Structures are given as structure tokens and as C-alpha cells.
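The block underneath contains the structure these notes are about, expressed in C-alpha cells.
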Amino acid sequence: MTKAPRKKPERPLDLLEEAINAIQTSDEFADWLEARAKFYEYSPYNSMIIHHQLPAATRVLGFRAWQKKFNRNVNKGESAIWILAPTPFKAVATNDDGEDEEVSRMRFRAVPVFDVSQTSGDPLPAPPTPAPVTGASHGTYIPQIEDLAKQLGYSVTYAAIEGSGLGFCRPHDQAIHVEESLSPNGRLRILVHELVHAHGVDYQKFTRPEAETIAESSAFLVCRAIGLDVATATAPYVAGWSTPADRRNTVDYIEHYSSLILNALGWATEVHPLPTRQEAAIAA
């Protein structure tokens, strides 16, 4: 297994810059989505940083956390994986009236974590096997997704769709259509994808490649979080739409919409805010 860098970075944010620059190809972006699904307890950018340093990582914790939570110890000589930890601090700044006042600021420091492959001790519980997209195991989520669409004013219809598409979202009449021949799990994947479009990820506020990258990547993260295997459907789709710029520009939006839907499904996830760059446009 490839070792992670041993030396603590002198400039912690360099970790982030290197990780973002690494998602240049569709395969690398698809690999990051897989890593994001595995490391959902970390921020999206820390999951990117973890994957960049140790692509084979599957479960990551700090030195003490491995001991306390799982009775495992980091093996001697292992190299740390460095992630970013936000550290608030107080500073003095001059306000609009020319007066000095205390304000809160944020800096980032590098902290070490280790993958399970770098530890020894008690065995971990076997992770659940994701359900195939061709099955019916997750059909119970469909009424919840339909309700979310209705809350946005959208109707949901199942019917035969001509051509190769499996679903579409029409903002002008607020309608979502899904191919009726799909299995319940397949319907669920398409519904989540189209629900992201219904939230305003359309071809007016975004380019078409950006919108499709956001919708499909968000659907991937939602489906993987609830235990549905959609990897074979997602990777070629994103590869067909996205460019390196699309992938770099859409990470925050993917995080926002995937966490928004998971939260609505009852998952206790933090809803990541929309980036300031298009916040006003989405709300309009």
C-alpha cells in the first residue's frame, strides 16, 4: 500500500489545493465521489484530501480515536494522513466607524489521521453490502422523494420515455417524469437526480454540463448513503458531461443538495450552505 506523506505540511491549505487540482479527469472525479461516500463524517474537502494522499483508504480516524472507539493501535512507522481542522481565533479589526473591535476569524491547522489498514487490533464490524440498483430493496424511499418534489410544487409521473433518457424535469410546468419500466431502486436513483434539478439546478443558472454533474453526483451520494449501489451508472454519466472546470466548480453544490435531501429523508446530516457565488441566483 502506498504510504501517505510523513512530513506535516508547512502550509496546511496546500493540501487542499493539491487535492482539488487532482480531480482533473472523470475517473479521478468518480474516485473522489466514492471516497466522499466512504468518509461522509468528514467535510467534502477533507474527503478529497484523504483520497489524494491515500487512495486505498477505507476508514480513517485519529490515533486516540482508533484506541478509544475500536481498541486498535496505529502500527509503528506508519505515515499520517494529514487533514484540515478549523481553528477559530479572536482578532482586532477596524470597523466602518474607524473603531477597533474584536472579531472572530478562522484558520486551519493540519492534524494527523490514519486508515484502518495502518492499524492492528480488534476486527471492525463488516460494512453492509450496497443493494443493487436493479432491485426493490429501497422502494420505501420513493414516497418520501415524491413528497419532497410535491413540496417544491412538482408532480411526479411514471411513463414510457422515448429515447435513451430515463427521466427528466420540466421547470416550466413543474413536472418530473421517470421511466416506468425501471425497478423501484432504479426509479429512486432517477427521482433523486431529477429532484436536484427541481431545486433550481437548471440550464439557466448553470451550464448544462454543470447542472448534470451536480444532479448525478448528488444522486450518487444520496443513494450510497442510504445503501444503494449506483456506481456503475454514475461514473459513465458524469464522465460524459463534465470537464475539469465543471468538476472543480460543482463540489460545493453537490455537497449542498446531497446533504439537503439526506436531511429531508431523516438523516442527521449538516446541510452545507450554497456557495456565495450563486446564492442569490438560486434564491431568485
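The first residue of the sequence shown is numbered 1, and numbering continues consecutively from there. Everything quoted here is computed from the prediction, not taken from an experiment. Computed from heavy atoms alone, side chains included, the values below leave out hydrogens, waters and symmetry copies.
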Taking atom types as modelled and ignoring hydrogens, do the side chains of Thr119 and Asn75 form a donor-acceptor contact shorter than 3.5 angstrom? no
How long is the span from the CG atom in Leu54 to the CH2 atom in Trp82, to the nearest 0.5 Å? 14.5 Å
Nearest 0.5 angstrom please: Arg189 CZ to Phe220 CZ, how far? 11.0 Å
Which pair of heavy atoms, one from His138 and one from Ala131, lies closest together, and at what distance? CE1-CB, 3.6 Å
Starting at CE of Met48, measure out to CD of Glu18 and round the result to the nearest 0.5 Å. 13.0 Å
Applying a strict under-4.5 Å side-chain criterion to I, L, V, M, F, W and Y, I'd like to know whether Ile161 and Leu188 cluster together. no
With sequence neighbours left out, write down each residue that passes salt bridge (Lys or Arg N to Asp or Glu O under 4.0 Å) with Asp14, or none if nothing qualifies. Arg11
Return the set of residues passing salt bridge (Lys or Arg N to Asp or Glu O under 4.0 Å) with Arg224 (not counting sequence neighbours), or none when no residue passes. Glu34
Excluding sequence neighbours, so at least two apart, what forms side chain to side chain donor-acceptor pair (under 3.5 Å) with Lys90? Ser104
Would you tell me whether Tyr154 and Glu146 have side-chain atoms, one donor and one acceptor, within less than 3.5 Å of each other? no
Can you tell me if Asp115 and Ser117 form a side-chain donor-acceptor pair at under 3.5 Å? yes
Are Arg187 and Glu194 ion-paired here, with the side-chain N under 4.0 Å from a carboxylate O? no
Do Ile83 and Leu15 have side chains that approach each other closer than 4.5 Å (heavy atoms only, starting at C-beta)? no
Spacing of CZ belonging to Arg170 relative to OG1 belonging to Thr157, to within rounding of 0.5 Å: 8.5 Å
With the side chain counted from C-beta on, respond yes when Trp32 and His52 share a heavy-atom pair under 4.5 Å apart, and no when they do not. no
Do Phe108 and Ile49 land in one hydrophobic cluster if side-chain heavy atoms of ILVMFWY residues count as linked below 4.5 Å? yes
To the nearest 0.5 angstrom, please state how far the CD1 atom of Ile214 sits from the OH atom of Tyr257. 7.0 Å
Inter-residue atom distance Leu33.CG - Glu216.CD, 0.5 Å rounding: 9.5 Å
Starting from Leu265, can I reach Ile190 by hopping between I/L/V/M/F/W/Y residues whose side chains sit under 4.5 Å apart? yes
Heavy-atom closest pair, residues Ser183 and Val133: OG-O, 2.9 Å
